Amino acid sequence: MAQKPTIPKGTRDFIPATMIKRSYIFDTIRSVFQLHGYLPIETPAMETMETLMGKYGEEGDRLIFKILNSGDFHTNITSKNLAEDSAAQLANKLCEKALRYDLTVPFARFVVQNQNNIKFPFKRYQIQPVWRADRPQKGRYREFYQCDADIIGSNSLMNEVELVQIIDAVYAKLGIAAILKINNRKILTGIAEVIGEPDKIIDITVAIDKLDKIGIENVRKELIDKGLSNESITKLEPIIQLDGSIQEKIDSLSTILKSSEIGMKGIEEISYIISIIDSLPKTIEIDFDISLARGLNYYTGAIFEVKARDVEMGSICGGGRYDDLTGVFGLPHVSGVGISFGADRIYDVLEQLDLFPQNITETTNVLFLNFGDTEAKLSMQYLIKLREHTISCELYPEPAKIKKQMQYANDRNIPFVAILGEEEIASHKITLKNMKTGEQYSIKNNELISNIQNHLSQ
RNA sequence: GUGGAUGUAGCUCAGUUGGUUAGAGUACUAGAUUGUGGUUCUAGGGGUCGCCGGUUCAAGCCCGGUCUUCCACCCCA
């Protein structure tokens with residue numbers, strides 16, 4: 001009996017109509033990357049466990065898809081291992097490879113391994129799928145594409161500015177009204193210092209990142225759970241709830257963080273970035289959001305996050321600066337900064353807001369009907385000529401009923417049908433049918449290309 | 001990993017207090033129309049009612065388990 005086919009949880013098939021829309025997103029992002037001088041690379045779908053584990057925090061390790069070793073993977077597992085090892089320890093014995101979790105860590109590995117083949121500062125873009133063993137839900141998949149642009153080997157804040165310009169250009173091209181939130185990890189570190197809890201920086205950032213979502217009361221509860229003193233929380237609350245213009249927030253924080261050297265460095269950085277962005281034309285809205293933390297532990301400077309304004313969806317772009325990501329792979333003191341567009345969420349946003357352009361659905365421009373062997377052979381001559389003029393065209397592969405061939409053209413959304421039957425051949429003519437208007441007319445066979453070109457350019 | 005919903009034709013879904021042979025729309029195939037698509041009409045094919053077990057004379061419907069998908073939490077693109 002035939003089994004019912006399925007695909008793994010959180011994965012998807014893409015039909016042609018969907019792929020055309022997805023390609024539109026990838027093409028748009030890629031063209032913006034290239035326009036800013038970024039170069040393409042690719043890395044393998046799988047990395048060694050060593051490369052990935054421990055780079056994304058404890059939660060991240062759990063969400064990495066591990067690949068079972070080939071062959072006799074069980075021979076070095078004892079019953080003692082089974083009884084006593086943690087799941088993570090067992091996984092380490094059974095798996096030496098895993099699917100990549102993002103594009104940034106593999107990129108760091110790539111940079112170290114290929115440091116003699118690339119020119120610094122190195123600007124690369126990378127558009128590939130990543131995998132996370134998360135529970136799927138709205139806007140969240142287990143296999144999804146990231147579109148990353150990173151620049152590594154340069155400390156200049158001009159790189160941050162350039163990435164903001166890229167973000168602005170991408171969303172402007174796609175027609176998405178977006179808001180870019182900026183913060184700086186050094187400011188968060190500074191805040192942790194001045195409230196007297198420098199060791200709790202991770203707990204603090206994770207908690208205040210949720211301020212928007214769960215409110216100040218629940219943030220306070222979470223911080224108490226994590227062991228912060230009441231005194232520290234009392235100091236923290238007015239800081240993370242600072243309101244006003246970007247400049248007002250910067251001014252307030254300059255006073256608050258005066259005693260923290262690293263905090264003041266963060267203020268200096270964000271002021272610089274924002275002052276330059278302000279002087280440039282842009283369509284995206286910019287906000288300095290003190291509660292923006294982002295989970296990834298490796299960020300050390302600027303952090304970015306983009307959300308669509310008119311639709312409820314997680315972030316559609318994220319990124320930041322990391323000062324020493326390559327250090328763990330043996331290349332210390334190389335700073336990088338990058339952003340990552342979530343193509344699948346961008347798709348969902350465009351779909352929900354009906355923002356896909358109308359004209360990206362057509363593929364073939366002309367379909368030749370098939371009247372039999374003789375006529376089909378003759379049609380081939382015209383197909384070749386049309387293709388020489390980059391007009392996409394095809395011949396219906398078998399001499400089916402005309403009704404069926406017409407229906408095929410209709411279903412495929414092909415705008416023109418060329419009819420080359422016995423009558424046309426005898427009179428050296430071709431009948432063209434415009435499938436949108438239903439209009440049908442006869443032309444001389446040497447007028448075919450100019451006629452189609454005229455219609456397509458209208 | 002935690003909690004809540006869900007599952008009936010390829011797709012979207014009806015299906016009464018449990019009662020003969022499970023329906024509709026859409027899609028598909030053919031015909032009305034032998035060289036013409038979209039609209040219309042007619043006919044046809046297509047279902048182990050997610051899976052396993054239980055209750056019952058009788059289960060798509062009730063009960064238990066399991067899987068799937070979706071939603072939320074954690075976390076994240």
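In what follows, chains carry the letters A, B, and so on, assigned in the order in which the sequence lines appear, proteins first and then strands, with residues in each chain numbered from 1. Bear in mind the structure is a predicted one, so any value in this text is a computation, not a measurement.
Taking the six-membered ring where tryptophan is involved, the planes of A/Y56 and A/Y298 are perpendicular, since the angle between them exceeds 60° and thus also 30°.
Within 4.0 Å of A/C147, counting heavy atoms only, lies no atom of the nucleic acid at all. When heavy atoms are screened at a 4.0 angstrom cut-off, A/Q137 is found touching base atoms of the nucleic acid. Within 4.0 Å (heavy atoms only), A/Y408 reaches no atom of the nucleic acid at all. Using a 4.0 Å heavy-atom cutoff across all strands shown, A/E305 reaches no nucleic acid atom at all. Here A/K433 lies in heavy-atom contact (under 4.0 Å) with a base. Residue A/I419 is in base contact, counting any heavy-atom pair closer than 4.0 Å across all strands shown. Residue contacts for A/G438: at a heavy-atom cut-off of 4.0 Å it reaches a base atom on one of the strands shown.
With 3.5 Å as the limit, one finds no donor-acceptor pair spanning the side chains of A/Q440 and A/T431.
Taking atom P on both B/G38 and B/G47, the two are 28 Å apart, rounded to the nearest angstrom. As rounded to the nearest Å, B/U42 and B/U26 have P atoms that lie 11 Å from one another. When the P atom is used for both B/C41 and B/A27, the distance is 12 Å, rounded to whole Å. Between B/A58 and B/U20, the distance separating the two P atoms is 15 Å to the nearest Å. The P atoms of B/C67 and B/C28 are separated by 37 Å, rounded to the nearest whole Å. Comparing the C1' positions of B/U69 and B/A32 gives an interatomic distance of 43 Å, to the nearest angstrom. Look at the P atom in both B/G64 and B/C73: the space between them is 28 Å, to the nearest Å. The P atoms of B/C11 and B/U36 are separated by 34 Å, rounded to the nearest whole Å.
Aromatic rings from A/F329 and A/F110 are positioned such that their centres are separated by 6.0 Å or more.
Look at CZ on A/R22: it is 17 Å from P on B/A77, rounded to the nearest Å. Whole-Å rounding puts the A/N410 CG to B/G37 C1' distance at 4 Å. If you take CE of A/M313 and C1' of B/A77, they are 11 Å apart, rounded to a whole angstrom. The NZ-P distance, from A/K138 to B/C75, rounds to 20 Å in whole Å. Atoms CD (A/E423) and P (B/G35) sit 9 Å apart, rounded to a whole Å. The interatomic distance linking A/K226 (NZ) with B/C74 (C1') rounds to 10 Å, in whole Å. Computed from coordinates, the A/D348 CG to B/C70 C1' distance equals 14 Å when rounded to whole Å. One atom, CD1 of A/I425, and another, P of B/G35, lie 15 Å apart when rounded to the nearest Å.
Each of A/D344 and A/R62 has a nearest nucleotide on RNA chain B; the 5'-most of these lies closest to A/R62. Map A/K404 and A/K210 each onto its nearest nucleotide of RNA chain B; the residue landing nearer the 5' end is A/K404.
Nucleotide B/G10: paired with B/U26 (Watson-Crick or G-U wobble, both distances less than 3.5 Å). The partner of B/G1 is B/C73, by the rule that a Watson-Crick or G-U pair needs both atom distances under 3.5 Å. If you check B/U66 for Watson-Crick or wobble pairing at under 3.5 angstrom, you find it paired to B/G50.
When each of B/C28, B/C75, B/C73 is scored by its nearest atom to the side-chain atoms of A/E59, the top-ranked nucleotide is B/C75. You'll find that the side chain of A/R140 is closest to B/C74, out of B/U36, B/C74, B/C73. In the set B/A77, B/A72, B/G37, B/A72 carries the atom at the smallest distance from any side-chain atom of A/R135. The side chain of A/D411 lies closest to B/C28 when the candidates are B/C28, B/A72, B/G38. Listed nucleotides: B/U36, B/A77, B/C75. Nearest to the side chain of A/L63: B/C75. For A/R132, counting side-chain heavy atoms from C-beta on, the closest listed nucleotide (B/G35, B/A77, B/C75) is B/A77.
With A/Y24 as the aromatic partner, A/K21 does not meet the cation-pi criteria of under 6.0 angstrom to the ring centre and within 45 degrees of the ring axis.
Side-chain to base pairing of A/E424 with B/G35: one donor and one acceptor N or O lie within less than 3.5 Å of each other. The base of B/U36 does not come close enough to the side chain of A/Q405 for any donor and acceptor atom to sit less than 3.5 Å apart.
Using a 4.0 Å cut-off between a side-chain N of Lys or Arg and a carboxylate O of Asp or Glu, A/R345 and A/D348 do not qualify as a salt bridge. Salt-bridge annotation for A/K181 and A/D287: absent, with no side-chain N of the basic residue lying under 4.0 Å from a carboxylate O of the acidic one.
For B/C76, the OP1/OP2 oxygens have no side-chain nitrogen or oxygen of A/K307 closer than 4.0 Å. Contact check, A/K9 against B/U69: a side-chain N or O comes under 4.0 Å of OP1 or OP2.
Only one option out of A/K55, A/R100, A/R109 pairs with A/E47 in a salt bridge (Lys or Arg N to Asp or Glu O under 4.0 Å); it is A/R109. The side chain to side chain contact (heavy atoms under 4.5 Å, CB included) test with A/V32 is passed by exactly one of A/I167, A/D168, A/L174, A/V170: A/V170.
Between the side-chain ring of A/F144 and the base of B/A77, a stacking contact exists by the 5.5 Å and 30° definition.
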